[in-house]
Amino acid sequence: MNENLFTSFITPVILGLPLVTLIVLFPSLLFPTSNRLVSNRFVTLQQWMLQLVSKQMMSIHNSKGQTWTLMLMSLILFIGSTNLLGLLPHSFTPTTQLSMNLGMAIPLWAGAVITGFRNKTKASLAHFLPQGTPTPLIPMLVIIETISLFIQPMALAVRLTANITAGHLLIHLIGGATLALMSISTTTALITFTILILLTTLEFAVAMIQAYVFTLLVSLYLHDNT
């Protein structure tokens, strides 16, 4: 175990060159396209899950919003596979980096907002001023709504970063405690090890849930603007 809790969050480097690009591209190798008439079980399961998620997520959108289906499905696959690979021992999770999550959140949020201003200008501007607002409160509410609009991509990125980072830190701490307790009390070490297994199982669920939540919120922002 590393003494520094945040060592696992440092971008790996070889010969002074960061490997984050290769790590980000690696999940794409896990989703091959099948050229066979009858697909294998892995590809069939992948296609079934994509159809299920896309049907549930895109059913609320009109024809303009549904043009984002491929992008949103690629997004949930990328975040989900990256989160899951990050749970492997001695691996690096790119989604623990706030800069990367902002790099995903800001362009998608900006695209949805710009789409709204282009196609529904009046409705988009109406969000800044709720109906029936008293006249003295108009300037304050416009400022508040503007701030809340620009906070949306920050909230997306921070939520994903915080949840993935917190899970990794808990696994690191409980794993270190388990190793330390093995020489002191075997019974306590077994209890701690059981908690570690349960937490790791929970983190697998959190990895998928956070990918779904991130994509769902982008989908909702898009729905509000199409």
Side-chain angles (χ1 to χ4, degrees), residues 1-13 18-31 41-42 45-46 48-50 52-54 56-57 72-105 108 153-182 185-220:
M1 284 288 176
N2 295 316
E3 293 183 2
N4 186 356
L5 289 176
F6 298 95
T7 301
S8 59
F9 303 115
I10 299 175
T11 305
V13 176
L19 298 180
V20 65
T21 303
L22 295 177
I23 295 172
V24 167
L25 293 176
F26 179 73
S28 62
L29 301 177
L30 301 178
F31 301 98
R41 291 184 178 87
F42 179 75
L45 179 62
Q46 171 190 331
W48 175 78
M49 291 183 65
L50 280 176
L52 181 66
V53 174
S54 61
Q56 181 180 4
M57 191 174 295
L72 294 179
M73 291 303 101
S74 300
L75 179 66
I76 192 172
L77 281 176
F78 171 73
I79 297 176
S81 58
T82 303
N83 290 347
L84 290 175
L85 288 173
L87 293 174
L88 297 175
H90 304 289
S91 60
F92 172 73
T93 313
T95 47
T96 57
Q97 306 297 311
L98 183 60
S99 57
M100 176 180 169
N101 295 335
L102 283 173
M104 292 189 295
L108 292 169
M154 282 292 298
L156 274 177
V158 170
R159 181 186 295 106
L160 179 59
T161 304
N163 280 282
I164 301 302
T165 303
H168 283 52
L169 287 175
L170 279 174
I171 291 176
H172 185 97
L173 289 170
I174 296 177
T178 303
L179 287 177
L181 289 170
M182 286 181 66
S185 173
T186 306
T187 305
T188 308
L190 286 175
I191 295 174
T192 312
F193 182 69
T194 304
I195 296 174
L196 178 62
I197 293 176
L198 294 175
L199 179 62
T200 304
T201 305
L202 177 64
E203 282 304 307
F204 275 98
V206 169
M208 299 303 298
I209 291 171
Q210 288 304 314
Y212 180 78
V213 168
F214 188 98
T215 310
L216 179 63
L217 289 175
V218 173
S219 175
L220 292 177

Please round to the nearest 0.5 Å and tell me the distance separating atom CD of Q210 and atom OG1 of T82.
-> 13.5 Å

Check the pair N83, M208 against side-chain contact (heavy atoms from CB on, under 4.5 Å), reporting the backbone distance first and the verdict last.
-> CA-CA 7 Å; N83 290 347; M208 299 303 298; over 6 Å; no

Determine whether M49 and L52 make a side-chain contact, defined as any pair of heavy atoms from C-beta on separated by less than 4.5 Å.
-> no

Check whether any side-chain heavy atom of F193 lies under 4.5 Å from a side-chain heavy atom of M182, and answer yes or no.
-> no

Looking at side-chain heavy atoms only, is the closest gap between L160 and M104 below 4.5 Å?
-> yes

Between CZ of F214 and CG of N101, what distance do you get to the nearest 0.5 Å?
-> 6.5 Å

Out of curiosity, T95 OG1 to N163 CG, how far, rounded to the nearest 0.5 Å?
-> 10.5 Å

Taking all heavy atoms of A211 and all of G80, pick out the closest pair and write down the distance.
-> CB-N, 3.4 Å

Criterion side-chain contact (heavy atoms from CB on, under 4.5 Å) against T93, the qualifying member of I164, L85, L84 = I164

In this structure, CG of L170 is separated from NE2 of H168 (nearest 0.5 Å) by 11.0 Å

CG of L50 to CD1 of I76: how many Å apart, nearest 0.5 Å?
-> 8.5 Å

Heavy atoms of A105 and L156 approach each other most closely as CB-CB, 3.9 Å

Shortest non-hydrogen separation from I171 to L199 and the atoms involved | N-CD2, 3.8 Å

To the nearest 0.5 Å, how far apart are CD1 in I195 and CG in L190?
-> 11.5 Å

Is the side chain of T215 donor-acceptor paired with the backbone N or O of Y212 at a distance under 3.5 Å, no angle test?
-> no

Tightest non-hydrogen contact, residues T96 and T161, listed as O-CG2, 3.4 Å

Which atom of L102 lies closest to which atom of P153, heavy atoms considered = CD2-O, 4.2 Å

Atom of A189, atom of T178 and distance for their closest heavy-atom approach = O-CG2, 3.8 Å

Test T200 against L87 for side-chain contact (heavy atoms from CB on, under 4.5 Å), laying out the working first.
-> CA-CA 8 Å; T200 304; L87 293 174; 5.7 Å; no

